[in-house]
Amino acid sequence: MNEKYDLVVIGGGAAGVFAAIRLAERDSSKRIVLLEAGAKLLQKVKVSGGGRCNVTHHQFEPALLVERYPRGRKELRGPFTRFQPRDMVSWLEARGVETKVESDGRIFPVSNSSQTIIDCFMQRLQHFGISIQYQQLVKRVLKLEGDLYRVETKSGAQYVTDHVLIATGSHRSGYQIAEELGHTIVPPVPSLFTFKVDDPRIVDLPGISSQDVGLKLKCDDRTFQERGPLLITHWGLSGPAILRLSAFAARELFACHYDAELRIDWCPDSKGEQFETDFLNHARIHSRKKLANAPFGAVPKRYWASLLDHLEISREMSWDHLSKKSAHRLKEELKNGLFQVQGKGVFKDEFVTAGGVETKELKFKTYESKQCPGIYFAGEVLNLDGVTGGFNFQSAWTAAELVACDLS
């Protein structure tokens, strides 16, 4: 029989690497091997946050933290009471990595470099002498007698172990291994993506943004709502509010082939009669100003000008010459502007999927399989995902910690 390991980790991403480190920190006598299909570890950590690594989020209340997970809210409530963002920040800082909180709650290393996180992890792996095997794509995990497993790679290498952690992200190999072990795979679909929108109101406005809009997305008979920053791009619409919508409506958007209606409220704080009053007061205060020079509310000036052109209202007209009919059309556009979503883009290199191993088949106190004792899952291989902002990394850190706890 091959030399036996206490843990074989399949996948050298955030969850797999952190689990290996945390188990070694708890018990340095454990024999651990980490199998990575590529030539480097932590490639998603490398590109996260535009290369700065959005390591977690400054939301330290588990009940609120779980609300940022379109899939996994119920399952993550317990795990987050045991290891949450505050704990991850403390772990990093105890190992020399200073962090900072940005205005939107995202947490980054003070260095503004993902390499800082990678260096920290690599140093810990080296400190404990954890075996790292690169370019080892696992093709199967076989159950042996005596509660043992044999992990076989495409290159012909074999590893015998009591415990296997499958942390393969959205790579299809992980789904195949899980399915062969008897697990149900929820078909993966894209999550966290931009919206392709071809519309004359925004066609020449890439880079224009608003810090607070209300969004309402309709996919067939389902409606989703979000509020927050919006960014106009060369291809359509992006920004945190759009990305959150894409996550919560991931399966519905896939089902309707990314053909959906999006309504934008550019003045979400002003509602009903109050909006009417605010609009009239604005018109009175700026009565002699040209419409183009006095946009309503916080509507971006260039978008306002484009909207006037779209409605065939002269930019040179003063507010006191605006007809009731034109005012009504303007108000409708500001509060209920309709855009057609015609497809999806990707969110840079931070692609996330909705789908994976069915969460009902895991014990979330340990992340161990219910039907295959000794098999664990962590990270994106699970049907569990968060919105942008450090939430997906946090679920990976938490899963890794609980796996390490159970094995130590």
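On a predicted model such as this, the values are computed, not experimentally measured, just so you know.
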Any side-chain donor paired with an acceptor under 3.5 Å for [X] and [Y]?
{"X": "Q135", "Y": "S155", "value": "no"}
{"X": "S131", "Y": "Q133", "value": "yes"}
{"X": "Q123", "Y": "D119", "value": "no"}
{"X": "S170", "Y": "T353", "value": "no"}

What residue among Q136, K139, R140 forms side-chain hydrogen bond (donor to acceptor under 3.5 Å, both in side chains) with T153?
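When side-chain hydrogen bond (donor to acceptor under 3.5 Å, both in side chains) is applied between T153 and each of Q136, K139, R140, only Q136 qualifies.
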
With Q340 as reference, evaluate D198, D199, D259 under the side-chain hydrogen bond (donor to acceptor under 3.5 Å, both in side chains) test and give the passing residue.
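It is D259, the one option of D198, D199, D259 that forms the side-chain hydrogen bond (donor to acceptor under 3.5 Å, both in side chains) with Q340.
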
Answer yes or no: are there more than 12 heavy-atom neighbours, outside [X] itself, under 6.0 Å from its atom [atom1]?
{"X": "K370", "atom1": "NZ", "answer": "yes"}
{"X": "K143", "atom1": "NZ", "answer": "yes"}
{"X": "E98", "atom1": "CD", "answer": "no"}
{"X": "D204", "atom1": "CG", "answer": "no"}
{"X": "N281", "atom1": "CG", "answer": "yes"}
{"X": "K100", "atom1": "NZ", "answer": "yes"}
{"X": "K196", "atom1": "NZ", "answer": "no"}
{"X": "Y258", "atom1": "OH", "answer": "yes"}

Using the ring pair (Phe, Tyr, Trp, His ring centres under 6.0 Å) rule, take F296 and F275 through it: C-alpha gap first, then chi angles, then the decisive distance, then the call.
CA-CA 11 Å; F296 177 76; F275 173 71; 5.6 Å; yes

Any chance you could lay out the side-chain contact (heavy atoms from CB on, under 4.5 Å) test for N54 and F393, step after step, and finish with the verdict?
CA-CA 8 Å; N54 180 191; F393 274 148; 5.5 Å; no

Side-chain ion pair, E401 and R82, N-O less than 4.0 Å:
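Not counted as a salt bridge, because no side-chain N and carboxylate O are separated by less than 4.0 Å.
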
Does R172 pair with E179 as a salt bridge, N-O distance under 4.0 Å?
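Result for this pair is no, no salt bridge flagged.
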
Closest approach of [X] and [Y], non-hydrogen atoms and distance?
{"X": "H57", "Y": "F60", "answer": "O-CE2, 4.0 Å"}
{"X": "C53", "Y": "I117", "answer": "SG-CG1, 3.9 Å"}
{"X": "A37", "Y": "L137", "answer": "CB-CD1, 3.9 Å"}

With side-chain contact (heavy atoms from CB on, under 4.5 Å) as the test, would you mind laying out the steps for K46 and Q115 before giving the verdict?
CA-CA 7 Å; K46 180 72 174 175; Q115 194 61 45; 2.7 Å; yes

Show, in sequence, the C-alpha distance, side-chain angles and deciding distance for V101 and I107, and conclude whether the side-chain contact (heavy atoms from CB on, under 4.5 Å) test is met.
CA-CA 5 Å; V101 182; I107 296 178; 3.9 Å; yes

Is there a side-chain contact between W304 and L334 (heavy atoms, below 4.5 Å)?
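When only atoms from C-beta onward are counted, L334 and W304 do touch, with a gap below 4.5 Å.
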
Main-chain N/O of Y69 paired with R73 side-chain donor or acceptor, under 3.5 Å:
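Yes.
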
Measure from the side-chain N and O atoms of E368 to the backbone N and O of G374, and report whether any donor-acceptor pair falls under 3.5 Å.
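Yes.
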
Look up atom CG in D309 and atom OG in S314, then write down how far apart they are to the nearest 0.5 Å.
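Result: 9.0 Å between the selected atoms.
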
Can you give me every donor-acceptor pair (side chain of residues 207-219, partner residue at least two apart or in another chain, under 3.5 Å) with its distance?
{"unit_1": "D212", "atom_1": "OD1", "unit_2": "R227", "atom_2": "NE", "d": "2.9"}
{"unit_1": "D212", "atom_1": "OD2", "unit_2": "R227", "atom_2": "NE", "d": "3.3"}
{"unit_1": "D212", "atom_1": "OD2", "unit_2": "R227", "atom_2": "NH2", "d": "2.8"}

How are the rings of W319 and F279 set to each other: parallel, tilted or perpendicular (split at 30° and 60°)?
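It falls in the perpendicular class, over 60°.
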
Verdict with supporting geometry, R329 and E332, salt bridge (Lys or Arg N to Asp or Glu O under 4.0 Å):
CA-CA 5 Å; R329 293 167 65 207; E332 182 64 19; over 6 Å; no

What pairs of residues pass the ring-ring contact (aromatic ring centres under 6.0 Å, His included) test when at least one of them lies in residues 83-105, not counting sequence neighbours?
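Those involving residues 83-105 are F18-W91, W91-F121.
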
